[in-house]
2 protein chains.
Amino acid sequence: MKLNDRAETLLRALVELYINEGQPVGSRTLARKLKRSLSPATVRNVMSDLEDLGLIHSPHTSAGRIPTQEGYRFFVDSLLQIKPLEQLTLEEMQEKFSNESDPQLLLTKASELLSQVTHFAGVVLIPGQRSSLFRQIEFVKLASQRVLTILITDDGRVQNRVIPTDRSYAASELVEAANFFNQVYAGTSLADVRRGLLKEMQKDSDEMHRITATALAVAGKLFDDEDDGPDAVMLSGEANLLNVPDLCQIEKLQKLFDAFKTKQDLLDLLDRSMKVSGISIFIGGESGYRSLDDCSVVTAPYDHDGEIIGTVGVIGPTRMSYDEVIPVVDVTARLLSGALSTTSDRLE
Amino acid sequence: MKLNDRAETLLRALVELYINEGQPVGSRTLARKLKRSLSPATVRNVMSDLEDLGLIHSPHTSAGRIPTQEGYRFFVDSLLQIKPLEQLTLEEMQEKFSNESDPQLLLTKASELLSQVTHFAGVVLIPGQRSSLFRQIEFVKLASQRVLTILITDDGRVQNRVIPTDRSYAASELVEAANFFNQVYAGTSLADVRRGLLKEMQKDSDEMHRITATALAVAGKLFDDEDDGPDAVMLSGEANLLNVPDLCQIEKLQKLFDAFKTKQDLLDLLDRSMKVSGISIFIGGESGYRSLDDCSVVTAPYDHDGEIIGTVGVIGPTRMSYDEVIPVVDVTARLLSGALSTTSDRLE
DNA sequence: GTTAGCACTCGGATCAGCGGAGTGCTAATG
DNA sequence: CATTAGCACTCCGCTGATCCGAGTGCTAAC
């Protein structure tokens with residue numbers, strides 16, 4: 001879509017005004033706002049054109065205009081000039097990430113940071129472990145027939161799981177099995193570990209070494225099912241959205257919070273955005289999920305040593321200051337990537 | 001406070017009606033509701049007395065009466081007859097707990113259960129680890145200068161923490177240190193472990209055995225600070241409260257969700273209720289926390305092998321069906337206690 | 001002690017009227 | 001030919017008036 005200069009200037013001014021004030025913008029207001037002094041009548045003519053193009057519309061005859069979803073899209077794609085982040089904010093953000101090395105906590109902090117700085121909801125897609133590399137496993141004997149398994153991956157994440165077993169194992173057996181495991185699989189991806197285990201299992205158990213059998217019996221179940229788990233999306237500051245005037249209708253909030261609870265839509269959305277490099281912006285219903293109808297989602301992928309492993313983002317009303325939110329999301333993703341890399345817990 | 005029979009019957013009917021309908025109850029309605037056929041006029045007289053006693057009041061001259069906080073309190077203390085739990089609900093609840101042994105997950109499930117069954121918010125106070133018994137510790141070498149510590153307590157909980165260290169330790173050193181630790185402290189409470197460590201630290205480091213020094217260096221920081229952590233309260237189904245008509249004002253919800261975020265008030269409240277055996281009910285502002293003004297909290301402590309270690313509860317509007325919520329909370333606490341005990345991961 | 005009757009009060013719904021903000025159209029203007 | 005001024009028109013939201021229903025408190029009768 002191509003607009004002439006004047007129309008663009010006008011649309012930009014209109015969207016900015018609406019984002020700031022939250023009320024339909026009339027021709028008079030818009031005319032006053034512009035340096036190039038146009039009369040309200042001229043402005044009206046242009047607005048009429050913009051309305052025909054589907055970029056703005058009036059809620060009713062005698063109200064001003066507000067941007068449509070397409071209007072926001074055009075604004076974001078072609079007109080938006082992103083503000084650089086305030087120095088103070090930047091320092092505050094860096095501050096938050098310094099002195100922290102636990103990957104889990106880093107993700108939590110990123111999410112909190114996003115919600116605090118933007119006053120909307122912060123969201124983090126936590127990478128599935130499928131692609132991480134196996135580093136180490138530990139087995140701890142609990143009550144008879146149950147073993148605590150501790151799986152440590154290359155990116156420093158730790159997963160605990162209690163596994164019921166067929167028989168009771170002696171502590172020494174478990175140590176042997178763990179050692180075996182650690183030697184054989186160190187450095188391979190979890191998916192490969194899984195494949196390896198499946199292969200082992202197909203062998204006849206008689207031929208198997210005793211230690212291997214133990215390892216299989218205990219760890220088999222661990223790798224059996226999906227490891228990504230249902231909690232791959234982390235949300236912070238949902239309550240911030242209660243303050244947002246655009247969403248103050250209970251039913252909207254209900255839909256939204258329902259979506260937050262199930263998390264499936266969010267997960268899909270973030271997963272999609274992970275496949276794009278750089279900032280993604282989903283405006284209103286563009287995402288295709290009705291629950292996010294009045295919301296926009298701004299996301300950016302983050303990486304661990306160059307490989308994209310997840311996404312951070314902000315969920316706010318469609319009427320948000322994109323020029324402020326975008327750099328915040330961008331910087332958060334960068335800081336998070338940085339923090340994850342420098343603290344990378346590689347094997348030596 | 002003592003009421004005559006008729007007044008009690010009337011008050012009970014009034015509260016029940018109001019809880020069901022959510023609207024001020026007038027004398028005519030109340031008269032119709034009662035089997036003993038009293039005339040509205042008589043009912044009015046009694047209501048007038050009840051109002052003088054501060055148990056009910058009218059929002060305005062020509063509306064019916066609604067219970068005051070004190071009215072609810074009297075109702076709950078003296079008039080409430082608790083419904084037995086429906087068989088179906090009970091089975092559903094048992095279902096949810098079966099096949100689960102991980103204590104962490106059990107707590108999560110309890111919280112979810114409470115919110116699902118009552119359609120309010122479920123809350124669980126997660127016991128601080130201070131009183132749990134030390135079972136086992138593992139040290140895993142990460143990148144140089146950082147060690148992953150895994151602390152396992154007697155109740156089956158597992159705590160991971162990455163600890164930065166002063167120097168780089170060899171894997172063998174860490175194994176030795178862990179063994180040392182496990183032998184010396186197995187079975188003592190975490191508080192005692194902490195005390196023991198402090199004592200060791202005061203000794204001159206020259207006299208110390210090398211292994212002890214390593215153990216101290218790595219684990220010292222782990223026990224240094226409060227281990228209860230900021231996440232000792234777990235909430236589920238907050239979003240359910242959006243559906244509650246009594247709370248549908250945005251500002252109330254804001255206050256409430258703010259409280260949920262900081263969690264401090266909740267923590268205090270639940271902590272108080274842990275010291276009482278059996279169901280506790282905090283009605284409206286009774287708790288002393290303004291954020292819970294329009295809410296009531298119903299709690300019950302749960303135990304692990306007889307020792308009370310935490311609390312489960314439901315947060316809902318003051319106008320809730322106490323006769324239904326109370327048994328749900330009660331049963332949840334029992335089921336949880338049971339599940340924690342039968343799966344108790346004692347050392348053998 | 002209980003009840004019937006009655007005047008009174010108050011909130012909520014409905015409606016008309018009004019002012020303001022904004023539009024669309026037309027005709028005039030540079 | 002683009003721009004502007006003028007004007008009639010529309011529609012929302014606010015205000016005040018009115019009415020109705022629900023409920024009360026009081027008094028007098030049973």
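Throughout, protein chains are lettered first and strands after them, A, B, ... in sequence-line order, and every chain is numbered starting at 1.
Ionic pairing of B:Asp268 and B:Arg272 is not present here: no N-O contact between side-chain nitrogen and carboxylate oxygen is shorter than 4.0 angstrom. Using a 4.0 Å cut-off between charged side-chain N and carboxylate O, A:Lys255 and A:Asp258 make no salt bridge.
Regarding B:Ile66, its CD1 atom lies at a distance of 14 Å from the P atom of C:dG11, rounded to whole Å. Between the CD atom of B:Glu21 and the P atom of D:dG23 there is a distance of 12 Å, given to the nearest Å. In this structure, CG of B:Asp52 is placed 14 Å from P of D:dT24, rounded to the nearest angstrom. Rounded to whole Å, the distance from CG on A:Asp5 to C1' on D:dA2 is 16 Å. Rounded to whole angstrom, the span from the CG atom of A:Leu34 across to the P atom of D:dT3 amounts to 13 Å. Put simply, OH on B:Tyr18 is 16 Å from C1' on D:dG23, counting in whole angstrom units. Note: CG (A:Leu10) to P (D:dT3) measures 11 Å, nearest angstrom. Atom P of nucleotide D:dC1 and atom CG of A:Asn45 are separated by 16 Å, given to the nearest angstrom.
Residue-environment remark: CD (B:Glu91) exceeds the threshold of 12 foreign heavy atoms within 6.0 Å.
When heavy atoms are screened at a 4.0 angstrom cut-off, A:Ala63 is found touching the sugar-phosphate backbone but no base atom. Counting any heavy atom pair closer than 4.0 Å across all strands shown, A:Thr61 reaches sugar-phosphate atoms only and no base atom.
Taken to the nearest 0.5 Å, the OG1 atom of A:Thr311 stands 9.0 Å off from the CG atom of A:Leu269.
In this structure, of D:dT4, D:dG23, C:dG22, it is D:dG23 that holds the atom nearest to the side chain of B:Ser62. Looking at the side chain of A:Arg6, the nearest of the listed nucleotides D:dT24, D:dT3, D:dG23 is D:dT3. Residue A:Glu51 has its side chain nearest to C:dG24 when only C:dG24, C:dT23, C:dA4 are considered.
Taking side-chain N and O atoms only, B:Arg65 has no distance below 4.0 Å to OP1 or OP2 of D:dA22.
Taking the six-membered ring for Trp and thresholds of 30 and 60 degrees, A:Tyr18 and A:Tyr72 have ring planes inclined between 30 and 60 degrees apart.
Each of B:His60 and B:Thr42 was matched to the nucleotide of DNA chain C holding its nearest heavy atom; the match closer to the 5' end belongs to B:Thr42.
Between the side chain of B:Arg44 and the base of C:dG5, at least one donor-acceptor pair of N or O atoms lies under 3.5 Å.
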